[in-house]
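Take a look at the structure set out below.
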Amino acid sequence: MSDKLFDLLPQNLQEFYITMQDDLYDGLKDEVIAATGEALDAHAQGPAAILQYGLVAGMEIVGEDFRDGILFVPEVLLAAKAMKGAMEVLRPLLTDAKDVERQGTVVIGTVKGDIHDIGKNLVGMMLEGAGFEVINLGINVDADKFIAALREHNADILGMSALLTTTMPYMRTVIQRLAEEGLRERTIVLVGGAPVTEAFAEDIGADRYCDDAAVAVEAAKTLIAIRKERSTPEAGREVRQKRVDK
Amino acid sequence: MKSNRLFEQLESKGLLLGDGAMGTMLQQAGLTDGGAPELWNVTHPDVVRGIYQAYADAGSDIITSNSFGGTSYRLKLHQLQHRVFELNYAAAALAREVAGDTRLVAGSIGPTGELLEPLGPLTQAEARAAFAEQAVGLAAGGADFVLIETMSSLDEVQAAVEGAREGSDLPVVVTMTFDTNFRTMMGVSPAQAVQTLAGWGVQVIGANCGNGPAETERVMWEMAQARPAGVVLMAQSNAGLPHWHEGEISYDGTPPVMAGYTQRMRALGVQVIGACCGSTPEHLAAMRGAMDGPALADYAPDFVTAAPKPATAATDRREARRAARAQAAD
C-alpha cells in the first residue's frame, strides 16, 4: 500500500490492517468482522479509518487480482460478503462520522427484457467495496425506474448491464430518456455486459464501456474525479497530483 | 439402458457436426426482447421447426433443442415455471420430428442463472431437482442425449449431471464456457474441467460460446493435453466476436472463418464440432464442407501455457497464514 497516511501509522497498526486485508482477500467473513471490532475497541480506530485501511484498501487488491486473472468471481464474491459483514458493524458509526468522504452514489441495473443478474451484482459489490453508495435496481429495469431512482437518490452514476444482443439497444433508449428528463448532463453513464463493446458504448452516447467489474470501479472513480476537477480548481489540483503520484 | 445413439453415431461417423445459434434466429423471426424462447415451442412450433430444419439442411448431425432456459429458475422469470415439462417436451419433440432416425437430438440444458451455496442462495439439492425436472421433459420428447452447456461453475455442473441422470437414462454431455482469461467466469480451467467431469463419468466434454474460434482453439488445445483416455471432445464456438456497426450487432466470424476453425478442431482431435452465438445455417454449411473435406496437412499449434504469476511478499504472506490456519484446524 502506498498511502502516505497509512505509512504514518504505527508499525503494529500497519501490520494489523495488512492482516485484515489478507483475511478480506481470503473471504474470511468472521475474521474480518472480528478485526473490525478489534480495531474499534483495542486500537481505538475511527470507522472511517477502518473502512479505508482495512476494507477499501483490501478490496482494491482483490479488484486488481480479479482484473489480472488471479482471482475469479467466487473469490471476489466471498471477499465482498466479508466486507458487507464488516460494513454492518461500521455503517451505524459511519453515518455519525464527518470524516468519511463518499465516492458517490451509483444506480445500477440490468436493462429491460434482460434477466442476467450475476455480473451486475458483482459490479455493485465492487463499487460498494470502493466506497460508493450503490442502489441496485435488479434485473429487467425500464427507463422510468432508472430515472426515478437517479432522482430519488440524487445519484452521480448510472450503471447499465445487458447480456443479450437484443436487449443492449435498450441502453440507448435509457440514455435518450435521461436527456429528455434533463438528467444526462449530471449523470455519468457506464455500460457493460458480454456483447457490449466500446464502439457500441460510444455510439449510444454512454460515457464509458466497462470490460469487467474492476474496470467499472476504475472508471467510476476516474470520472467522478474528473468531474470534481471541473467543479473546483482545488479538487482538480488534488486529482492531478494523484495522477502524477501514480 | 436405452441404446446409446450418440456413441453409435460417433463410432460409425467418426466426426459429428453440431448446429448453430437458436436465439438470434428466433429474434429474426419476431421473438421480442425479453420474451421466453422456450414458449415458442408451443406458440410458434413452425418457426422452431423451421430453424431446426435449416440446420438439418445445412448438414448438422445434431439438432439442439430450444430449451436452454428451460429450468424452472429461468422460466420463473417469465412466469412459466409451472410449464417446465410441457416446454421441454415440445422442444425435444419438434427436434425429433426434424432429426428423424438419421440425426441426433441434443436436449439443451443451460445454467439456472442463480449462484449456488455458499456464494448464493441455491442449494445443490434444489438445483439438482430443477435439472432433473427439465431432463424428464427432454427425454420424454425424444432427446438422444442431454447437452449441459454454457456452464461456468463445477458445482452447478455437478447438480446438472446428477439431475439429468435422475430425470433420464440418457447419456450426458457437458460443455463449459471459458471466457475469462481462458477459464470460466468462476475460474475453472479447461484441464480442470475435463478431468473433473471425466471423474464423474461424463464421456463427452468440451467448450461452447466464449470469445470466438481463436480462443476456443487454445481452450480445446489445453483440454486435449489433459484429456483422460476415453473422453470425446466437443467444441461449439461463437461465430467470432460481436461488433457494433451502424446500429446493428454482428459477429465477425464469417462462414470461411468457421470452416477454418472446424479444420483446426479436427486436427486437435475434437470429434463433435458445432457453433454458438452469431452462427447461422450458412456457417454450418461451410463447416460441413470443412468436416467432409481433407484434414489439415500441417497443423502445429504452439500455444504456450502461461507461467503462473511469480510469488510476491503479499502472496507469500497470505500463503503462510493459510498454512497456519490449516494447521490450527487440524
Side-chain angles (χ1 to χ4, degrees), chain A residues 1 15 18-19 21-23 25-29 31 61 64-78 80-81 111-119 121-122 139-140 142 162-170 172-173 193-204 209 212, chain B residues 21 23-24 26-27 31-36 69 73-74 76-78 111 113-116 118-120 152-153 155 177 179-189 209-211 238 241-251 277-278 306 308-309 313-315 317-322 325:
Chain A
M1 228 178 117
E15 281 167 11
I18 286 175
T19 301
Q21 292 167 15
D22 285 348
D23 286 350
Y25 188 98
D26 280 352
L28 304 173
K29 186 175 170 186
E31 282 80 349
I61 302 168
E64 281 165 17
D65 280 5
F66 175 63
R67 181 199 60 205
D68 294 344
I70 298 165
L71 295 182
F72 291 85
V73 170
E75 294 89 353
V76 177
L77 284 175
L78 288 177
K81 281 191 168 193
V111 297
K112 186 180 156 191
D114 200 319
I115 51 187
H116 290 86
D117 216 10
I118 296 173
N121 287 345
L122 191 69
I139 54 176
N140 195 19
D142 63 21
L163 268 289
L164 300 170
T165 53
T166 49
T167 54
M168 52 191 261
Y170 191 73
R172 186 198 300 276
T173 309
V196 179
T197 62
E198 201 145 358
F200 173 76
E202 199 172 307
D203 189 47
I204 63 168
Y209 158 70
D212 62 36
Chain B
T24 41
L26 287 173
Q27 278 140 16
L31 174 70
T32 54
D33 295 0
Y73 289 93
R74 297 308 287 179
K76 189 163 60 189
L77 301 160
H78 307 279
E114 307 276 335
L115 290 165
L116 270 74
L119 301 175
S152 10
S153 143
D155 290 341
T177 296
D179 58 357
T180 311
N181 296 316
F182 302 101
R183 293 188 184 220
T184 72
M185 177 179 87
M186 305 305 258
V188 181
S189 70
C209 207
N211 294 329
N238 283 352
L241 294 168
H243 283 276
W244 184 258
H245 184 64
E246 289 174 4
E248 284 207 23
I249 190 96
S250 63
Y251 281 76
C277 303
K309 298 261 175 190
T315 55
R317 194 182 62 232
R318 285 193 288 264
E319 207 41 66
R321 278 179 54 76
R322 282 175 205 137
R325 274 202 305 277

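Sequence lines set the chain letters: A, B, ... in the order given, protein chains first and strands last, and positions in each chain run from 1. Keep in mind the model is a prediction, meaning the values are calculated, not measured.
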Please report the interatomic distance [atom1]([X]) to [atom2]([Y]), rounded to the nearest 0.5 Å.
X: A:Phe66; Y: B:Thr180; atom1: CZ; atom2: OG1; result: 7.0 Å
X: B:Ser153; Y: A:Phe72; atom1: OG; atom2: CZ; result: 14.0 Å
X: A:Glu75; Y: B:Leu119; atom1: CD; atom2: CG; result: 9.0 Å
X: A:Asp23; Y: B:Arg321; atom1: CG; atom2: CZ; result: 4.0 Å
X: B:Arg317; Y: A:Glu15; atom1: CZ; atom2: CD; result: 10.0 Å

[X], part contacting chain B, at a heavy-atom distance under 4.5 Å:
X: A:Leu28; result: side chain
X: A:Asn140; result: neither
X: A:Asp212; result: neither

Legend entry - salt_bridge(A:Asp26, B:Arg325) N-O dist < 4.0 Å: yes

Legend entry - Pairs of heavy atoms under 4.5 Å with chain A: top-ranked of B:Leu115, B:Thr184, B:Asp179: B:Leu115

Legend entry - Residue selection (most heavy-atom pairs with chain A, distance under 4.5 Å) from B:Met186, B:Glu114, B:Arg74: B:Met186

Inset, instruction - Measure the shortest side-chain to side-chain distance between B:Leu77 and A:Ile139 over non-hydrogen atoms and say whether it is less than 4.5 angstrom. - result: yes

Legend entry - B:Arg318 and A:Ile61, any side-chain heavy atoms less than 4.5 Å apart: yes

Inset, instruction - Heavy-atom distances under 4.5 Å only: say whether B:Tyr251 touches chain A with side chain, backbone, both or neither. - result: side chain

Legend entry - Atom CD of A:Glu64: over 12 foreign heavy atoms under 6.0 Å: yes

Legend entry - Heavy-atom pair of closest approach, residues B:Met185 and A:Pro74: O-CD, 4.4 Å

